[in-house]
Amino acid sequence: MLATYIAVPRLVASAPARLNATVHFKLFYDKTHRILGAQIMSTAELTAVINTVSLAIQMGATLEQLAYGDFFFQPGLSQPVDVLSTASLQALQTLATN
């Protein structure tokens, strides 16, 4: 089992302070890039992120599918690059350099 850890500061200028929390996220995957699990920790409400990981596991999704998935965002309240995309892209970069 392989894993990628990221700490992403969620900085959205017009968002309330509670939404500008750092997100600690660890994504687990196998050598075929299939998603196996994840851990998430933040003071922000991120239930949708872990629910998406749960669905990805059930569907047998890969890093590539999460990295290039089109996730909803709301300008002024969220970022266009999701924590799942960021972690997946980082994992793919790490795999490519090893």
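The figures here come from the full heavy-atom set of this structure, side chains too, leaving out hydrogens, waters and symmetry mates. If you're wondering where the values come from, they're calculated on a predicted model, not measured in any experiment.
- In this structure, CD1 in I40 is found 10.5 Å from NE2 in H24, a value given to the nearest 0.5 Å.
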(message) For L92 and H33: C-alpha separation, side-chain torsions, deciding distance, then whether side chain to side chain contact (heavy atoms under 4.5 Å, CB included) applies.
(response) CA-CA 8 Å; L92 289 169; H33 302 183; 3.8 Å; yes
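- Under the side-chain contact (heavy atoms from CB on, under 4.5 Å) criterion, Q93 pairs with no residue, sequence neighbours left out.
- Hydrophobic clustering, with ILVMFWY side chains joined whenever heavy atoms are under 4.5 angstrom apart, keeps M41 apart from L84.
- Atom CD1 in I57 sits 9.5 Å away from atom CZ in R34 (nearest 0.5 Å).
- Contact detail for F28 and K26: the closest heavy-atom pair is CZ-CD, 3.6 Å.
- Annotation: the span from S88 atom OG to Y68 atom OH amounts to 9.5 Å, rounded to 0.5 Å.
- With rounding to the nearest 0.5 angstrom, the CG atom of L27 is 11.0 Å from the OG1 atom of T86.
- A side-chain donor from one of S54 and Q58 sits under 3.5 Å from a side-chain acceptor of the other.
- Atom CG in L63 sits 11.0 Å away from atom CD in Q90 (nearest 0.5 Å).
- In the hydrophobic clustering of this structure, V83 does not group with L55; members are Ile, Leu, Val, Met, Phe, Trp, Tyr whose side-chain heavy atoms approach within less than 4.5 Å, directly or through other members.
- When the side-chain hydrogen bond (donor to acceptor under 3.5 Å, both in side chains) test is applied to T94, no partner is found at least two apart in sequence or on another chain.
- Taken to the nearest 0.5 Å, the CD1 atom of I35 stands 8.5 Å off from the CD atom of Q65.
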